[in-house]
Colleague: 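Have a look at this one before I ask anything.
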Amino acid sequence: VQAQHDHYIYNLIMAAIIIKFPNEFQKTPLPTIMRSTNQNKDQELFVPFNSSEKKDEVMSKTYKFIQQHPRLSSLENNIMLITNELLMNALYCAPTDKKGSPLYHHSGRDMPIKYEGKKIGEIYLSFNDNTFVVGCRDPFGSFDNDTLKERLNEVFRSDKKASIDTSEQRKGGSGLGLKIAIENSTGFGLVVKKHVESFVFAALPLGKGNKTIHAMAKNLYINFF
């Protein structure tokens, strides 16, 4: 949790909530992230998906949502990048079989895939006076704690800022567009209920441009339970 951020004390409280009450947070994450239970419904968008065929619909609705709200114009590039990365992860890296083995992790990103049975994922978009959140829920809970830590240490070193390697992401990368999602936000969270569900989110400050956001220190909230 970065001490220089405007909402430092609240970010500490949110971190404590994610650690102490991860199940409750995962069920209804937005009130905690947005610091409000009275969200304007015109400022929210939820888009369900269960197959790669839904990608164009998700991205189109995301773009239209941004266009409907001029205040989001400076964040358009960040929002579209993050939404795409979280969606691709949920479609290709999250699905596993009954034994927990990945189904599509090493598949080409142009391969058609569909969730089995009635499984559904969902993209969340929401904003208030000072914060925009992109979230993604998948019905697998397949992130691995050790792998995630190794990946964080690999791409974020104290003496080297991580770069965006598009070719690597298209090949699957870490199973999450980790570099892109973190670098293009100021707060990144991952809450995983093992073999049940994962909720990933990125928070961005309204009124800041892409270059400013890239240069800002990042809050990270990660919990496996």
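The analysis underlying the following values was restricted to heavy atoms, covering all of them including side chains, and did not include hydrogens, waters or symmetry mates. Being a predicted model, the structure only gives us computed values, none of them experimental.
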Colleague: Nearest 0.5 Å, what's the CG-CD distance between Asp138 and Glu197?
Modeller: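 One gets 7.5 Å once the value is rounded to the nearest 0.5 Å.
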Colleague: May I ask you to decide if Lys218's main-chain N or O and Thr186's side chain share a donor-acceptor pair within less than 3.5 Å?
Modeller: no
Colleague: Salt bridge (Lys or Arg N to Asp or Glu O under 4.0 Å), that's the test. Do Glu44 and Lys41 meet it? Break it down for me.
Modeller: CA-CA 5 Å; Glu44 292 183 333; Lys41 298 303 179 184; 3.6 Å; yes
Colleague: Give a yes or no on whether Leu72 and Met59 share a hydrophobic cluster (residues Ile, Leu, Val, Met, Phe, Trp, Tyr; joining criterion: side-chain heavy atoms under 4.5 Å apart).
Modeller: yes
Colleague: Is there a donor-acceptor contact under 3.5 Å from the side chain of Lys194 to the main chain of Ser142?
Modeller: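 No; judged by distance alone, with no hydrogens or angles, the pair does not exist.
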Colleague: Establish, yes or no, whether the cationic atom of Lys55 lies under 6.0 Å from the six-membered ring centre of Phe49 and within 45° of the ring axis.
Modeller: no
Colleague: Can you measure from NZ (Lys27) to NZ (Lys193) and round to the nearest 0.5 angstrom?
Modeller: 6.5 Å
Colleague: Taking a hydrophobic cluster as the set of Ile, Leu, Val, Met, Phe, Trp and Tyr residues connected by side-chain heavy atoms closer than 4.5 Å, whether directly or through intermediates, do Phe188 and Leu206 fall within one such cluster?
Modeller: yes
Colleague: Rounded to the nearest 0.5 Å, what separates atom CZ in Phe132 from atom CG in Asn130?
Modeller: 13.5 Å
Colleague: According to a 4.5 Å side-chain heavy-atom criterion applied to Ile, Leu, Val, Met, Phe, Trp and Tyr, with indirect links allowed, do Phe143 and Leu152 form part of one hydrophobic cluster?
Modeller: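 Same cluster.
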Colleague: With side-chain contact (heavy atoms from CB on, under 4.5 Å) as the test, would you mind laying out the steps for Val134 and Ile79 before giving the verdict?
Modeller: CA-CA 7 Å; Val134 182; Ile79 295 169; 4.2 Å; yes
Colleague: Quick one: does His5's side chain have a donor or acceptor within less than 3.5 Å of a partner on Asn219's backbone?
Modeller: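 No; judged by distance alone, with no hydrogens or angles, the pair does not exist.
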Colleague: Can you find a side-chain donor-acceptor pair between Lys118 and Asn50 that sits under 3.5 Å?
Modeller: no
Colleague: Taking the side chain as everything from C-beta on, heavy atoms only, tell me whether Pro139 gets closer than 4.5 Å to Tyr115.
Modeller: yes
Colleague: Could you check whether any side-chain N or O of Arg109 sits under 3.5 Å from a backbone N or O of Ser107, counting only pairs where one atom can act as donor and the other as acceptor?
Modeller: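 Side chain of Arg109 to backbone of Ser107, a donor-acceptor pair under 3.5 Å: yes, one is there.
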Colleague: Would you call the rings of Tyr104 and Tyr92 parallel, tilted or perpendicular, taking 30° and 60° as the class edges?
Modeller: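 Perpendicular, since the angle between the ring planes exceeds 60°.
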Colleague: Please check if Met34 and Phe199 belong to a single hydrophobic cluster, counting links between Ile, Leu, Val, Met, Phe, Trp and Tyr side chain heavy atoms closer than 4.5 Å.
Modeller: yes
Colleague: State, without any angle test, whether Arg35 and Thr131 hold a side-chain donor-acceptor pair at a distance under 3.5 Å.
Modeller: yes
Colleague: Looking at Gln2 and Tyr8, would you say the former's side chain and the latter's main chain have a donor-acceptor pair under 3.5 Å?
Modeller: no
Colleague: Is it the case that over 12 heavy atoms from other parts of the model lie below 6.0 angstrom from the CD atom of Gln67?
Modeller: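 Yes, the 6.0 Å shell around CD holds more than 12 heavy atoms from other groups.
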Colleague: State whether the side chain of Ser74 and the backbone N or O of Gly207 hold a donor-acceptor pair below 3.5 Å, judged by distance alone.
Modeller: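 Not at all, since once roles are kept as given, no pair shorter than 3.5 Å links the two residues.
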Colleague: Are the side chain of Asn11 and the backbone N or O of Val1 linked by a donor-acceptor pair below 3.5 Å?
Modeller: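 Looks like no, no N/O pair under 3.5 Å.
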Colleague: Hey, is CZ on Phe225 packed in by over 12 heavy atoms from elsewhere, all under 6.0 Å?
Modeller: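 Enclosed: over 12 neighbouring heavy atoms sit under 6.0 Å from CZ of Phe225.
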Colleague: Does the pair Met80 and Ile66 meet the rule for a side-chain contact (heavy atoms from CB on, under 4.5 Å), with working shown?
Modeller: CA-CA 9 Å; Met80 296 299 289; Ile66 296 169; 3.9 Å; yes
Colleague: Show your working on side-chain contact (heavy atoms from CB on, under 4.5 Å) between Val192 and Asn223 and close with a plain yes or no.
Modeller: CA-CA 6 Å; Val192 181; Asn223 194 11; over 6 Å; no
Colleague: Distance-only, no hydrogens or angles: does the Thr62 side chain make a donor-acceptor pair with backbone N or O of Val58 under 3.5 Å?
Modeller: yes
Colleague: Are more than 12 heavy atoms, taken from residues, nucleotides or ligands other than Tyr63, located less than 6.0 Å from that residue's OH atom?
Modeller: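 No, because the 6.0 Å sphere around OH of Tyr63 holds 12 heavy atoms or fewer from other groups.
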Colleague: With a cut-off of 6.0 Å (strictly less than), are more than 12 heavy atoms of other residues, nucleotides or ligands near CD of Glu57?
Modeller: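 Correct, the count exceeds 12.
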Colleague: Apply side-chain contact (heavy atoms from CB on, under 4.5 Å) to the pair Ile18 and Thr32, showing each step before the final yes or no.
Modeller: CA-CA 9 Å; Ile18 290 172; Thr32 301; 5.8 Å; no
Colleague: Taking a hydrophobic cluster as the set of Ile, Leu, Val, Met, Phe, Trp and Tyr residues connected by side-chain heavy atoms closer than 4.5 Å, whether directly or through intermediates, do Ile33 and Ile17 fall within one such cluster?
Modeller: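 Linked within one cluster.
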Colleague: Parallel under 30°, tilted from 30 to 60°, perpendicular over 60°: which one fits the rings of Phe201 and Phe25?
Modeller: tilted
Colleague: Counting N and O atoms only, with roles assigned by atom type, does the side chain of Arg137 sit under 3.5 Å from a partner on the main chain of Tyr124, one being a donor and the other an acceptor?
Modeller: no
Colleague: For Lys54, does the NZ atom sit with more than 12 other heavy atoms under 6.0 Å from it, leaving out its own atoms?
Modeller: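 No, NZ of Lys54 has 12 or fewer neighbouring heavy atoms, counting only those of other groups under 6.0 Å.
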